[in-house]
There are 2 protein chains.
Amino acid sequence: MPYDPSAFPHFAVTVDLVVLTVRRHALCALAVRRGEPPYPGRWALPGGFVRADEDLAAAAARELEEETGLRAHAPSQPALPNAAHLEQLATYGDPQRDPRMRVVSVAHLALAPDLPAPRAGGDAHSVRWAPVDDLLDQDTAFRHDAEVSAPLAFDHARILADGVERARSKIEYSSLATAFCPQEFTVGELRRVYEAVWGVALDPRNFHRKVTGTPGFLVPTGGTTTRQGGRPAQLFRAGGATVLNPPMLRPEV
Amino acid sequence: MPYDPSAFPHFAVTVDLVVLTVRRHALCALAVRRGEPPYPGRWALPGGFVRADEDLAAAAARELEEETGLRAHAPSQPALPNAAHLEQLATYGDPQRDPRMRVVSVAHLALAPDLPAPRAGGDAHSVRWAPVDDLLDQDTAFRHDAEVSAPLAFDHARILADGVERARSKIEYSSLATAFCPQEFTVGELRRVYEAVWGVALDPRNFHRKVTGTPGFLVPTGGTTTRQGGRPAQLFRAGGATVLNPPMLRPEV
DNA sequence: GATCATAGTCGTCTTCCTGACGATAATCAG
DNA sequence: CTGATTATCGTCAGGAAGACGACTATGATC
């Protein structure tokens, strides 16, 4: 096929990952500390170059596995152990976003259950889960937790904010919140996911009525657990339903 | 800034446009006929290469204006005449999607009011509005309208389908349907937009109650019109509200 | 000019869903 | 045994939506 390679500009293409999980009642994102310029020592989202013969989704899945050990699952394969939800988020291509060269980044959003510990690629201190509120808080100059005292590198604060907003809105009308839970979970655990992602308190009784009354959302496994304390709670798996109609309503204030 | 240009692969980056409008009770998309290989003679979405110093949104706005004369308006400037809603849709980067080379396409979605006629770049026959159902119908071999008898070039059928689905879902919970209307419009005209985009019939009385009862959605201009026949209808402009809560419900079947 | 078709607008009624919240059940820590 | 904690069921009032009747104001037709 004839074409003229000089007839159009060349770009580097990367994938960046917004990997979210819920830890200790807080929505957290995976952050890596940069070792090299630009922005050495600053925290950034994990990511990397797309390879010459690699699809965008494949590149995102590869980066996710390299950083966390998590496998991405396609919508068709819903219940692998250690599998995370992965979807494309948006693409960022401001000409000035990387001082080195023209880079277009295709950001992806991954939602994962709480993991024992982030698997560092090599240096255990170079990757961590950080509460998104800390990462996005611009006014961190006087925080005593120096680990997150500078804003994210590049335009990653913007990307993270977009990913968080996507997650917040998407759990309203889809069953995506179950992606934050282990394979078997209780209604209370699912409720705490909503509470952490939205930053609100939900009425346990109304929440229970809503999720157990939506056909196909939850299927009971028969087991119970007391891992949250209190009365034993029924265990559920995510049902086949992917859309939630009518949606879960996010409280106003 | 030191870097090694051979350390990562180079890509061509394009923007492709899904430009939607409502004409004669049908949801239509802008299609251009390709003159050169690959896929000569086939219909495709408008689009083109991103320039070396151009932001993605700017490239999409430039292509939109080149093809239609429409200006894109940012969310801050809601009511320019001849302005269309423009937003990023998704990015497509399958290594095989263009047989010539590795091309990553950042697709954008534009919603426009019905236009008098598509402004061709040069050849008036090379650009047209086509009903999306015709463009997406794979089984067009025996249609007598030969103009749309072949599937769209590249992966543009997939992109168009994604754009249509985005529009269909987004008018549920936002005031985006007004982007398909002229600056002043009636409740009935707005209802016909929903009916065309969703392909359903809506009850005029319930629709009227819903849209006029949602604060900030519509503001009356004081005028009336009989351009639809029948009793004169009040004219409205789009109000400041961008989200629709509770949403407009799309009928089940 | 009377009649009719068309489109717009206002109400009513029933049903469903939600938010608020009382009450009961089953565990663990002392 | 008592209290704290969490889970689960039930009740009630208010709001929103679907179904649909009724009326209004125009242009078209006879």
Side-chain angles (χ1 to χ4, degrees), chain A residues 24-25 171-173 181 184-196 198 200-236 241 243-253, chain B residues 22 24-25 171-173 181 184-196 198 200-237 241 243-253:
Chain A
R24 291 177 291 126
H25 280 224
I171 64 174
E172 286 188 60
Y173 56 89
C181 295
E184 296 198 346
F185 54 90
T186 70
V187 173
E189 288 165 348
L190 184 62
R191 175 170 50 82
R192 279 180 279 276
V193 165
Y194 276 91
E195 291 178 333
W198 284 345
V200 298
L202 299 175
D203 185 289
R205 298 155 291 188
N206 293 337
F207 184 87
H208 188 276
R209 176 183 60 192
K210 172 73 178 173
V211 295
T212 58
T214 300
F217 189 16
L218 299 181
V219 290
T221 65
T224 61
T225 182
T226 66
R227 61 182 172 227
Q228 297 291 335
R231 169 176 166 180
Q234 268 188 284
L235 284 169
F236 295 88
V243 294
L244 211 51
N245 197 4
M248 181 84 59
L249 293 182
R250 176 159 31 163
E252 292 294 317
V253 185
Chain B
V22 174
R24 289 177 291 127
H25 281 223
I171 65 173
E172 286 190 62
Y173 56 89
C181 294
E184 297 199 345
F185 53 89
T186 69
V187 172
E189 288 165 349
L190 184 62
R191 174 170 50 82
R192 279 181 280 275
V193 164
Y194 277 90
E195 292 178 334
W198 283 345
V200 298
L202 299 175
D203 185 288
R205 297 156 290 189
N206 293 336
F207 184 87
H208 189 277
R209 176 182 60 190
K210 172 72 176 173
V211 296
T212 58
T214 301
F217 189 16
L218 299 182
V219 290
T221 66
T224 61
T225 183
T226 65
R227 62 182 171 229
Q228 297 292 338
R231 170 176 165 179
Q234 269 190 284
L235 284 169
F236 294 87
R237 284 185 295 104
V243 294
L244 211 50
N245 198 0
M248 182 84 59
L249 293 182
R250 177 159 28 164
E252 292 295 315
V253 185

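Quick caveat, the model's predicted, so the values are computed rather than measured. Proteins get letters first, then strands, A, B, ... in listed order; numbering begins at 1 in each.
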Where each residue is assigned the nucleotide of DNA chain C containing its nearest heavy atom, which of B:N206 and B:R191 is assigned the position nearer the 5′ end?
B:R191
At less than 4.0 Å, is any side-chain N or O atom of A:K210 found next to OP1 or OP2 of C:dT18? Yes or no.
yes
Residue closer to the 5' end of DNA chain C, A:D203 versus A:T226 (nearest nucleotide)
A:D203
Phosphate OP1/OP2 of D:dT6: any A:R227 side-chain N/O under 4.0 Å
no
Take the protein atom CG of B:N245 and the nucleotide atom C1' of D:dA16, then report the distance between them rounded to whole Å.
12 Å
N/O (side chain, A:H208) to phosphate O (OP1/OP2, D:dA7) under 4.0 Å:
no
Of the options C:dG8, C:dG19, C:dA26, whose atoms approach the side-chain atoms of B:A233 most closely?
C:dG8
Whether the side chain of A:E195 engages the backbone of A:L202 through a donor-acceptor N/O pair (distance < 3.5 Å, no angle test) should be reported.
yes
Could you tell me the separation between the CD atom of B:Q228 and the C1' atom of D:dA25, rounded to a whole number of Å?
16 Å
Scan B:R192 against the nucleic acid and name what it touches under 4.0 Å (heavy atoms): base, sugar-phosphate only, or nothing.
sugar-phosphate
Quick check: on DNA chain D, is the nucleotide nearest A:Q234 upstream (toward 5') of the one nearest B:P247, or the reverse? Name the residue that is more 5'.
A:Q234
Between C1' on D:dG15 and CG on A:L249, what's the gap in Å once rounded to a whole number?
12 Å
Is there a side-chain polar atom (N or O) of A:R205 under 4.0 Å from OP1 or OP2 of C:dT18?
no
Starting at CG of B:N206, measure out to NE2 of B:H208 and round the result to the nearest 0.5 Å.
11.5 Å
To the nearest angstrom, how far is A:R250 atom CZ from C:dG19 atom P?
13 Å
Rounded distance (Å) that lies between atom P of D:dG18 and atom CG of B:L202:
9 Å
Look at atom CZ of B:R227 and say whether more than 12 heavy atoms of other residues, nucleotides or ligands are closer to it than 6.0 Å.
yes
OG1 of B:T186 to CZ of B:R192, rounded to nearest 0.5 Å, is 6.0 Å
Can you tell me how far CG of A:L249 sits from CG of A:L244, rounded to the nearest 0.5 angstrom?
10.0 Å
I'd like to know if A:R231 reaches the base of C:dA26 with its side chain, counting only an N/O donor and acceptor under 3.5 Å.
no
Could you check how far CG of B:L235 sits from C1' of C:dA7, rounded to whole Å?
14 Å
Do A:R209 side-chain and C:dG19 base share a donor-acceptor contact under 3.5 Å?
yes
